[in-house]
Amino acid sequence: MALLAVRDASVELADRTLWHDLCLELSAGERLVVDGASGSGKTVLLRAIAGLDVFTTGGCEFRGRPRREWSMPAYRAQVMYVPQRAALHPGTVADTLAAPFGFAIHKGKEFKAEAAEDLLTELGRPAELLASPTENLSGGELQSVLLVRALLLEPTVLLLDEVASALDPELADAVERVLIKWSQESERALVWVGHDPASQSRVGTAVLPITGPYPLMARP
Amino acid sequence: MNSLPISDLQLALAAGLMLVSVALSWRLRLGLGRDIAISTVRMVVQLLLVGLILDWVFSLQNPWLVLGIGLVMTLLAAHSAAGRPRRSYPQLFLDSFVSILVSSLLLTGLVLRGILDVQPWYLPQYLVPILGMVLGNSLTGVSLAVDRFTAGLVTGRAEIEGLLALGATRREAARGPLREALRAGMIPTLNSMAVMGIVSLPGMMTGQILAGAAPQTAVRYQILIMFVIAASTVLGCLLSLELAFRRLFDPRHRLRVDRLITKG
């Protein structure tokens, strides 16, 4: 059974249809690359799967159950969107990484600084990054922190939106290695959006091409 | 003892002071000249009219009529509160009205019945001025709180959606902006309480003293009214923020900044 499925989905904006009749299935161990020109709605697709944006038609299922049957926090704790960039609350990196463990949905999990240090090291960052204030992070460091924050919460599906776009090639390689290993460790899968064709082919086990946007179809 | 009367000429001299603001606005190109003129004229006309009808209002014996006046005052306060935030949403007027109505009427009623024990409870000489002071402060608090909240949602959108994406409930994700907004709504009241008596002698107390009341009594009234104002402001802010929160985050824990309308 597929972990995640999107069925007959479309997103219409005020003046255009981004895509329509979009279907995808994601099984454990799969790494799906979403490929499309900029402006084709790759980010909107990931955000809509995460429930941050809405599908105009269609919808998605997680573990065979329609999303509306899931409580949204429970669903998002499993199907986790990692943005290209996000603002972080003032404080240290460790504070930022620990904060989500205070959410009701993550009760029972515990923030472990060693796990965060290990992940940062695997991503090519010094463990001392944990103590630095979030205001001082470079764009690339921010991306590493966002990825670590998501991985520590042990989601089932990661929706990765250009998570290596601000990284040097070596660091981007490290991200790919970590994520490929992560996807093989247990019943997990990921969706990858990224510009670099070489990394697309290294990461992906399948490709979903999206074309568009289209002018809005006239309604009767 | 009665207050010294003020003649039309004396009022006109005082109005000349507004020209200072207008001149500064013009010199510094603040573009506030129009707003200052409109506010000035409005205030003068409103107060003169109120002076004309207050005699009649204070003679009212009918509780429904007094409550009706209170309702009109609340509607005007809600309209003013809803007009101020730079970002609005379609039901803002309704939400402001509900929060100001509940907080102000509740607290004013509590004072008139529970603390002062005015007889009859609707005695307009007490109800109208006390409600007016409470409304004025609530509306400032509500408009500041909502303004800060909506601004916080727009500027903090990336952070909030980042938290939602990690499984935060809408309330967990909104905690920061809600706290900031409540703080912003309470600051004017807290500031004025902090300097009261030292820097400022509040209007009501000054008025009572000018009209011949014993300073001891005037001070006690002022303390009482400040407690009522603080309580109704915090209640009004909490209510309006709760309502705004429910409009701007949907039950599926999605941030809906698309419902905000930014004023030009």
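None of these values were measured; they are calculated from a predicted model. So you know, we letter chains A, B, ... as the sequences are listed, proteins then strands, and number each from 1.
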Could you state the interatomic distance from [atom1] ([X]) to [atom2] ([Y]), rounded to the nearest 0.5 Å?
{"X": "B:Ser103", "Y": "B:Leu238", "atom1": "OG", "atom2": "CG", "value": "10.0 Å"}
{"X": "A:Leu123", "Y": "A:Leu151", "atom1": "CG", "atom2": "CG", "value": "7.5 Å"}
{"X": "B:Thr233", "Y": "B:Leu107", "atom1": "OG1", "atom2": "CG", "value": "8.5 Å"}
{"X": "B:Ile100", "Y": "B:Leu239", "atom1": "CD1", "atom2": "CG", "value": "10.5 Å"}
{"X": "A:Phe103", "Y": "B:Leu166", "atom1": "CZ", "atom2": "CG", "value": "6.0 Å"}
{"X": "B:Leu139", "Y": "B:Ser99", "atom1": "CG", "atom2": "OG", "value": "11.0 Å"}

Going by residue number, which parts of residues 85-97 of chain B are within reach of chain A, meaning a heavy-atom gap below 4.5 Å?
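Result: none.
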If contact means a heavy atom pair closer than 4.5 Å, which residues of residues 27-35 of chain B contact chain A?
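Result: none.
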For the residue pair [X] and [Y], establish whether any side-chain heavy-atom pair is separated by less than 4.5 Å.
{"X": "A:Leu160", "Y": "A:Val191", "result": "no"}
{"X": "A:Leu26", "Y": "A:Phe62", "result": "no"}
{"X": "A:Leu190", "Y": "A:Val203", "result": "yes"}
{"X": "B:Pro188", "Y": "B:Leu144", "result": "yes"}

Heavy-atom distance under 4.5 Å to chain B: side chain of [X], backbone, both or neither?
{"X": "A:Pro83", "result": "neither"}
{"X": "A:Leu52", "result": "both"}
{"X": "A:Ala50", "result": "neither"}

Are there any donor-acceptor pairs closer than 3.5 angstrom between chain B and chain A, and if so, which ones?
from: B:Glu159; atom 1: OE2; to: A:His89; atom 2: ND1; distance (Å): 2.8
from: B:Glu161; atom 1: OE1; to: A:Arg47; atom 2: NH1; distance (Å): 2.8
from: B:Glu161; atom 1: OE1; to: A:Arg47; atom 2: NH2; distance (Å): 3.1
from: B:Glu161; atom 1: OE2; to: A:Arg47; atom 2: NH2; distance (Å): 3.1
from: B:Leu166; atom 1: O; to: A:His106; atom 2: NE2; distance (Å): 2.7
from: B:Glu172; atom 1: OE2; to: A:Ala104; atom 2: N; distance (Å): 2.7
from: B:Arg252; atom 1: NH1; to: A:Trp70; atom 2: O; distance (Å): 3.2
from: B:Arg252; atom 1: NH2; to: A:Arg67; atom 2: O; distance (Å): 3.0
from: B:Arg252; atom 1: NH2; to: A:Trp70; atom 2: O; distance (Å): 3.4
from: B:His253; atom 1: O; to: A:Arg76; atom 2: NH1; distance (Å): 2.8
from: B:His253; atom 1: O; to: A:Arg76; atom 2: NH2; distance (Å): 3.0

Under 3.5 Å, side chain of [X] to main-chain N/O of [Y], donor-acceptor pair present?
{"X": "B:Thr108", "Y": "B:Leu105", "answer": "no"}
{"X": "B:Ser25", "Y": "B:Ser21", "answer": "no"}
{"X": "B:Ser104", "Y": "B:Leu101", "answer": "no"}

Can you list the residues that meet the side chain to side chain contact (heavy atoms under 4.5 Å, CB included) rule with B:Val72, with sequence neighbours excluded?
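By the side chain to side chain contact (heavy atoms under 4.5 Å, CB included) rule, B:Val72 matches B:Leu76.
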Top contributor to chain A contacts, counting heavy-atom pairs under 4.5 Å, from B:Gly156, B:Ala168, B:Ala158:
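Highest number of pairs under 4.5 Å: B:Ala168.
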Can a donor-acceptor pair be found between the side chains of B:Ser138 and B:Ser232 at a distance below 3.5 Å?
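Yes, a side-chain donor-acceptor pair sits under 3.5 Å.
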